[in-house]
2 protein chains.
Amino acid sequence: MGEFQRTSVAPDQRAVRRGEIVDIAAALFASKGYDATGIREIGESARLARGALYYYIGSKESLLEEIHNRVMDPLLAEAGDIAALEASAAARLRLVSEVLLQQIIHHHDHVWVFLHEYRSLTGDRRETFRRKRVEFQNIVLNLFAAGVADGEFVIEDLETAMLAFVGMHNYTYQWVRRKPGVDAETLSRRYSDIFFDGIRRR
Amino acid sequence: MGEFQRTSVAPDQRAVRRGEIVDIAAALFASKGYDATGIREIGESARLARGALYYYIGSKESLLEEIHNRVMDPLLAEAGDIAALEASAAARLRLVSEVLLQQIIHHHDHVWVFLHEYRSLTGDRRETFRRKRVEFQNIVLNLFAAGVADGEFVIEDLETAMLAFVGMHNYTYQWVRRKPGVDAETLSRRYSDIFFDGIRRR
DNA sequence: GTCTATAGGGTGATAGAC
DNA sequence: GTCTATCACCCTATAGAC
């Protein structure tokens, strides 16, 4: 039983080290691009020669896959929980906006890679990622639809509205690093104010 | 004088062929990525061996530079003309929205490369591009500021509003190819309706 | 677990024949 | 203008010693 506890509860050193390497890779991929970053560079940053590096990573593409999952999986879980809350569509969209911006701001490297390099995923990895992205967009789409059904929103085309909302948020990764001091809560409020009420004086 | 006219007015065959190769490269870079596309592939698509190809292109990076300029230069010129019109800030922003979406929809490959691969530009090329992007964003920023000065808009933070506006538009390149039949005029109207008046029922 | 050596295959760019 | 041959260098991944 002591042995069982050690393998199931104690941290797996190999998995821990692999996690560190994933973060190192995310930083390199974000600053130089996936294709332009060599396995050698990742090894140098992790202080590991190539042979030892491959003991942890398996392949370069599996690092890319894990970077994607680290952003997408918590985002999907949180957005799903928020959508299930008993609150107005506007209130729930505001919360989704905030968790999305938190990922973009606090896991900036991973999000950059996620939004820039998903085409470097191949085969099943690519298809799995595509499905998760559709799932997230559907959560947002359904919130807009719920708002229209409740008479809370007036929307000409639901899909365009969803894509405008997601696009406005996602694009944040392009500039947020150059504006330090911006926080998810403030930005979420400003985006939501614009999206729900517009900027025209009334 | 006849000879002078021929060199200054008649089309330069080399420049024409180079232009065709730039378009071929844009299509390849957009579908596979800049780093993942080889000079050999560009040559195959253009039906030219490497030696002949280099006679036209100079270098791979100069192709990337020209793809950027083909999007940015007309956009800057049109946006500058629109900003100088005597019209409300909302009307002028609506026109800027439309020319931006026209570039995104009708020069989709070039825009994809432009928004995805600008980090592969080096040295002066990169700096020149950065300046042009700032120039475009300043045109949009000044339109928002003019709207506030006229009492037409109420905006908490000008720069956030500008970035939200630009981001909502730019992100369009990610999905517009999967929705055929979308035109710049319709999309521009929908984006502007959301941005100026919001989606909440009043 | 970590290393070095190497396999097997790319890359962008240029020289020089025609 | 277009070609082939080649330069110098890079890549991901694996084998096998320690």
Side-chain angles (χ1 to χ4, degrees), chain A residues 6-7 10-22 24-29 31-68 113 117-126, chain B residues 6-7 10-22 24-29 31-68 113 117-126:
Chain A
R6 189 158 62 244
T7 53
D12 179 336
Q13 277 309 310
R14 187 162 162 183
V16 170
R17 190 87 178 95
R18 182 186 156 86
E20 292 168 7
I21 294 168
V22 169
I24 287 167
L28 289 168
F29 293 164
S31 84
K32 303 193 37 171
Y34 176 74
D35 287 305
T37 303
I39 268 315
R40 280 168 183 78
E41 283 176 87
I42 298 171
E44 280 164 26
S45 290
R47 295 174 188 279
L48 241 30
R50 265 155 294 151
L53 184 66
Y54 270 90
Y55 169 75
Y56 292 104
I57 69 170
S59 72
K60 189 184 178 186
E61 197 182 326
S62 86
L63 288 176
L64 186 61
E65 179 185 27
E66 190 149 329
I67 291 168
H68 279 73
V113 175
E117 312 280 13
Y118 63 85
R119 278 143 77 251
S120 295
L121 291 174
T122 60
D124 283 352
R125 288 189 171 102
R126 187 169 189 161
Chain B
R6 187 158 64 245
T7 53
D12 180 337
Q13 278 308 311
R14 186 161 160 185
V16 170
R17 190 88 177 93
R18 182 185 155 86
E20 291 168 8
I21 294 167
V22 169
I24 287 166
L28 289 169
F29 293 164
S31 84
K32 302 192 39 171
Y34 176 74
D35 287 304
T37 302
I39 271 308
R40 283 163 181 80
E41 281 176 271
I42 298 171
E44 281 164 27
S45 291
R47 294 175 187 280
L48 240 31
R50 265 155 293 152
L53 184 66
Y54 270 90
Y55 169 75
Y56 291 105
I57 69 170
S59 73
K60 189 184 178 187
E61 196 182 327
S62 84
L63 288 176
L64 186 61
E65 180 185 27
E66 191 148 330
I67 291 167
H68 279 74
V113 174
E117 311 279 12
Y118 64 85
R119 277 145 75 251
S120 295
L121 290 174
T122 61
D124 284 351
R125 287 188 172 105
R126 186 167 189 164

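Chain naming here is simple, since letters A, B, ... match the order of the sequence lines and numbering starts at 1 in each.
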Can you tell me how far [atom2] of [N] sits from [atom1] of [X], to the nearest Å?
X        : N       : atom1 : atom2 : answer
Gln13(A) : dG1(C)  : CD    : P     : 8 Å
Arg18(B) : dG1(D)  : CZ    : C1'   : 16 Å
Tyr56(A) : dT12(D) : OH    : C1'   : 20 Å
Ile57(B) : dA13(C) : CD1   : P     : 7 Å
Leu63(B) : dA13(C) : CG    : P     : 9 Å
Glu44(B) : dT2(D)  : CD    : P     : 17 Å
Glu61(B) : dA13(C) : CD    : C1'   : 14 Å
Arg47(A) : dC3(C)  : CZ    : C1'   : 17 Å

Side chains of residues 43-55 of chain B: which donor-acceptor partners sit under 3.5 Å, not counting sequence neighbours?
from, atom 1, to, atom 2, distance (Å)
Ser45(B), OG, Glu41(B), O, 3.4
Tyr55(B), OH, Arg14(B), NH1, 3.4

Which residues satisfy the side-chain hydrogen bond (donor to acceptor under 3.5 Å, both in side chains) test with Arg17(B), sequence neighbours excluded?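 Here the qualifying residues are Glu20(B).
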By side-chain hydrogen bond (donor to acceptor under 3.5 Å, both in side chains) - contacts of Glu65(A) (at least two apart):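 Arg125(A).
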Of all residues at least two apart in sequence or in a different chain, which pass the side-chain contact (heavy atoms from CB on, under 4.5 Å) check with Glu66(B)?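 Only Arg18(B), Val22(B), Arg70(B) meet the side-chain contact (heavy atoms from CB on, under 4.5 Å) criterion with Glu66(B).
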With Thr122(B) via side-chain contact (heavy atoms from CB on, under 4.5 Å) - residues at least two apart: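 side-chain contact (heavy atoms from CB on, under 4.5 Å) check on Thr122(B) returns Glu61(B).
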Once rounded to the nearest 0.5 Å, what's the spacing between atom CD1 of Ile67(B) and atom CG of Leu121(B)?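 So the gap between those two atoms works out to 9.5 Å.
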dG1(D) phosphate, OP1 or OP2: any side-chain N/O from Tyr55(B) under 4.0 angstrom?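 It does, given that an N or O in the side chain of Tyr55(B) lies less than 4.0 Å from OP1 or OP2 of dG1(D).
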Could you list, one pair per line, each protein nitrogen or oxygen that sits under 3.5 Å from a nitrogen or oxygen of nucleotides 6-12 of chain C, together with the distance?
from, atom 1, to, atom 2, distance (Å)
dT6(C), O4, Arg50(A), NH1, 3.4
dG12(C), OP1, Thr37(B), O, 3.4
dG12(C), OP1, Ile39(B), N, 3.4
dG12(C), OP1, Lys60(B), NZ, 2.9
dG12(C), OP2, Ile39(B), N, 2.7

Give one of base, sugar-phosphate or nothing for Leu48(A), where a contact means two heavy atoms less than 4.0 Å apart.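 Result for Leu48(A) = sugar-phosphate.
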